Amino acid sequence: MAVLDATPDKLDLLIAAQGAKTGPDWLEALRAAGRDGFRALGLPTPRQEDWRNLRLNALYGQSFAAADAAAPRLTWAHLQPILPKGLDCDRIAMVNGVFSDDLSAVGELPDGVVVAGLSQALATAPDRVHAVLGQVARGDRDGFAALNQAALADGAAVLVPRGVELARPVHLLHHALAPRMPVVAQPRIVIDLADNARATVIEHWRGLAGETAFVNATVEIRLGHGAKLTLIRLQTSGEKGFHIDRLASSVAGDAELDMIQIDLGGRLSRHTLDVALEGRGAAATLDGLFAIGAEQQTDTRSNVEHRARDCRLSQTWKGVAGGRARGIFNGRVHVLPGAIGTDAEMSSRNLLASREAEILPKPELEIHADEVKCAHGATVGAISEQELFYLRSRGLDAAEGRRILTRAFAEEIVDRLPFEAFREQVSGWVDRHMAQTVLTETVAKEATA
C-alpha cells in the first residue's frame with residue numbers, strides 16, 4: 001500500500017501501483033524524466049496558485065494499493081448500462097489503467113488506422129506512438145503530470161492517417177474498480193489525427209458507488225492541418241472516487257477541436273485543459289458542464305494559447321452546485337505576439353442550488369497582439385424565486401419546479417451532444433444525478449419547512 005501525500009518519498013510504490021513495464025529506450029527515458037520531475041515537484045499543495053481553491057486534503061493521506069491486488073473482473077453484462085445507446089462504436093476498454101482485450105471491440109478499420117490499447121500500439125506501431133507520446137503533454141506541468149509520466153505503461157491510442165475519416169465513433173471507456181481496497185490507476189491516452197483526418201471520440205471515466213479509486217490520467221492530442229476531432233468527455237466516478245486528468249492538445253492550421261465535457265461524479269475531480277492553437281485558422285470549441293452536490297469538489301483549469309493568426313475560440317462553461325459542494329472554473333486565454341485576428345469568447349455561468357454550495361469562476365485574458373477580438377464573462381446566481389413562483393402557480397410543487405429550472409439551465413451543454421439516442425441517455429444520467437445528489441438536500445429542507 002502507498003500513502004498519497006504531498007512529498008515524493010513514496011514514488012516507487014505509486015509507480016508500482018500502475019505497473020510500469022520495460023520498453024524501448026525512448027519510453028524509459030520519458031519515464032525517467034517523469035520520476036525526476038516528481039522528485040523535484042512533489043504533489044501540488046494549496047500554496048500553489050493553480051491549486052489553492054481545491055481542498056486536496058480529501059485525497060492526501062489515502063492509502064492506495066496496486067490495481068492488480070484487487071483482481072477486478074468485469075463482463076459485458078456490467079458494461080451494458082453505460083455503453084453509448086444507438087451507436088455502432090469501436091471500443092477500447094481499460095480497467096484500472098490497463099487495456100482489456102476481453103471488453104474491447106474493434107471492427108474493420110481503414111488502412112493505417114490504429115484503435116488499440118496503448119500497450120498494443122507500442123508493440124505494433126512504435127514509431128507512430130513515439131511521434132506523439134510525450135511531445136504534447138508536459139510531464140513538468142505539476143506533480144500529478146510527472147507521476148503519470150513516470151508510470152507510463154498502458155491506456156489507449158487512436159491514430160488516424162492523412163485524409164481518413166472514421167465512419168464510427170471511438171469509445172474509450174475507463175472503468176475504475178476497487179472492490180476490496182483503494183487502488184490507483186494512471187492511464188495515458190494518445191490521439192493523433194494527421195492532416196485532414198476526421199474522428200469522433202467518446203471518453204468515459206467511470207467508477208462504482210462505494211469504491212475508492214484514484215485515477216490520474218493524461219490525454220495527449222495532436223491535430224494535423226485541416227483535421228477535426230469531436231471529443232466528448234464524461235466523468236461519472238463513484239461518490240468516493242478521485243479523478244485528476246490533464247488534456248494537452250496541439251491544433252495545427254485550419255484544424256478544429258470540438259470538445260464537450262460533462263462532469264458529474266467523484267468526491268474530488270480536477271481537469272487541466274491545455275490547448276495550443278498552433279497554425280493560422282486553428283479553432284477550438286470547448287464547452288462543459290459540472291453538476292455536483294453533497295460534499296463533492298470539481299475544478300477545471302483551462303489554458304488556451306493563440307500562437308498564430310486568425311485563430312478562434314468559443315468556450316461556454318456551466319456549473320450547478322448543491323449541498324456543500326464546491327465548483328471551480330479558471331479559464332485563461334493567452335494571445336501571443338503576432339496572433340493578430342484572434343477571435344476568442346469565453347463565458348462561465350453558474351447556478352447555486354443551495355446556500356452552502358460554492359462556485360468560484362475566474363476567467364482571464366492575457367493579450368500581446370493588436371487587432372484581436374476577445375471577450376469573457378462570469379456569473380453566479382441562485383434559482384430565480386420569481387420563476388419558481390410561476391411554476392408553483394401552475395400546480396407544480398417546489399421540488400419539481402427546482403428540477404425543471406435546474407435542468408433547463410444545464411440543457412444548453414447537454415443538447416450540444418451529437419447522436420440523438422446517446423444524447424438522451426446522457427441527459428437521463430444528468431437528470432438522475434441532479435435529483436439524487438445535487439438537489440437532494442435542498443428539496444428535503446423544503447419538504448420539512
Side-chain angles (χ1 to χ4, degrees), residues 109-115 128-129 131-133 135-138 157-170 189-203 219-233 247-261 273-288 302-317 331-347 365-376 416-419:
L109 298 170
D111 290 343
V113 173
V114 175
V115 177
R128 294 176 67 185
V129 176
V132 186
L133 187 62
Q135 304 304 307
V136 182
R138 291 169 42 194
V158 179
L159 313 176
V160 185
R162 182 191 304 266
V164 174
E165 180 173 358
L166 297 188
R168 297 184 299 273
V170 177
I189 292 175
V190 174
I191 301 173
D192 183 32
L193 306 189
D195 295 352
N196 298 310
R198 300 282 191 277
T200 296
V201 175
I202 301 169
E203 291 176 40
V219 181
E220 195 164 12
I221 299 170
R222 186 176 70 172
L223 304 183
H225 189 276
K228 181 175 180 180
L229 173 65
T230 300
L231 180 64
I232 300 162
R233 313 188 77 211
L247 181 148
S249 179
S250 172
V251 184
D254 294 324
E256 181 179 357
L257 172 62
D258 185 3
M259 189 198 84
I260 306 159
Q261 178 172 299
L273 310 175
D274 289 326
V275 178
L277 303 177
E278 304 273 10
R280 185 170 185 173
T285 302
L286 309 175
D287 291 342
S302 168
N303 179 47
V304 181
E305 291 196 345
H306 294 253
R307 299 180 178 177
R309 297 180 52 146
D310 303 321
C311 294
R312 306 182 312 280
L313 167 70
S314 173
Q315 185 168 26
T316 300
W317 220 263
R332 178 172 177 262
V333 175
H334 185 193
V335 182
L336 275 66
I340 64 174
T342 288
D343 186 349
E345 183 174 348
M346 181 198 331
S347 73
L365 296 178
E366 185 176 341
I367 302 172
H368 298 280
D370 297 324
E371 300 179 42
V372 301
K373 183 170 70 173
C374 298
H376 67 70
R416 274 253 292 126
L417 293 170
F419 315 116

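Note that the numbering runs from 1 along the sequence shown for the chain. None of these values were measured; they are calculated from a predicted model.
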Is there side-chain contact between [X] and [Y], with heavy atoms separated by less than 4.5 Å?
X      : Y      : answer
Val201 : Leu229 : yes
Val219 : Ile221 : yes
Leu336 : His368 : no
Leu109 : Arg168 : yes
Leu231 : Asp258 : no
Pro418 : Ile232 : yes
Val275 : Leu286 : yes
Leu223 : Ser250 : no

- [ ] Step by step, work out the side-chain contact (heavy atoms from CB on, under 4.5 Å) result for Val333 and His376.
- [x] CA-CA 9 Å; Val333 175; His376 67 70; over 6 Å; no
Spacing of [X] atom [atom1] and [Y] atom [atom2] [to the nearest 0.5 Å]:
X      : Y      : atom1 : atom2 : result
Asp310 : Asp254 : CG    : CG    : 9.5 Å
Asn303 : Leu273 : CG    : CG    : 9.5 Å
Thr342 : His306 : OG1   : NE2   : 5.5 Å
His334 : Cys374 : NE2   : SG    : 11.0 Å
Met346 : Leu313 : CE    : CG    : 6.5 Å
Ile340 : Arg280 : CD1   : CZ    : 7.5 Å

Open item on the list: For Gln135, is there any backbone N or O sitting under 3.5 Å from a side-chain donor or acceptor partner on Glu220?
Closed with: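 Yes.
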- [ ] With side-chain contact (heavy atoms from CB on, under 4.5 Å) as the test, would you mind laying out the steps for Leu166 and Val160 before giving the verdict?
- [x] CA-CA 8 Å; Leu166 297 188; Val160 185; 3.9 Å; yes
Task: Cationic N near anionic O, under 4.0 Å, Arg233 to Asp287 - done: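 Result for this pair is no, no salt bridge flagged.
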Quick check: closest heavy atoms across [X] and [Y], and the distance to 0.1 Å?
X      : Y      : value
Ala255 : Gly224 : CB-O, 3.2 Å
Ala369 : Val335 : CB-CG1, 3.9 Å
Pro169 : Phe419 : CG-CZ, 3.8 Å
Ala248 : Ala137 : CB-CA, 3.6 Å
Glu278 : Ala308 : O-CB, 3.4 Å
Pro161 : Ala194 : C-CB, 3.7 Å

Task: Qualifying salt bridge (charged side-chain N to carboxylate O under 4.0 Å, His left out) pairs, either residue in residues 335-344, two or more places apart - done: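 Qualifying pairs, neighbours excluded: Asp343-Lys373.
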Open item on the list: When you compare the side chains of Ser347 and Gln315, does any donor N or O come within less than 3.5 Å of an acceptor on the partner?
Closed with: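 No, Gln315 and Ser347 have no side-chain donor paired with an acceptor closer than 3.5 Å.
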- [ ] Determine, step by step, whether Leu159 and Val129 satisfy the side-chain contact (heavy atoms from CB on, under 4.5 Å) criterion, reporting the C-alpha distance in whole Å, the side-chain angles of both residues, the deciding distance to 0.1 Å, and the verdict.
- [x] CA-CA 8 Å; Leu159 313 176; Val129 176; 4.2 Å; yes
TODO: For Met259 and Thr285, run side-chain contact (heavy atoms from CB on, under 4.5 Å): C-alpha distance rounded to whole Å, both residues' side-chain angles, the deciding distance at 0.1 Å, then the answer.
DONE: CA-CA 6 Å; Met259 189 198 84; Thr285 302; over 6 Å; no
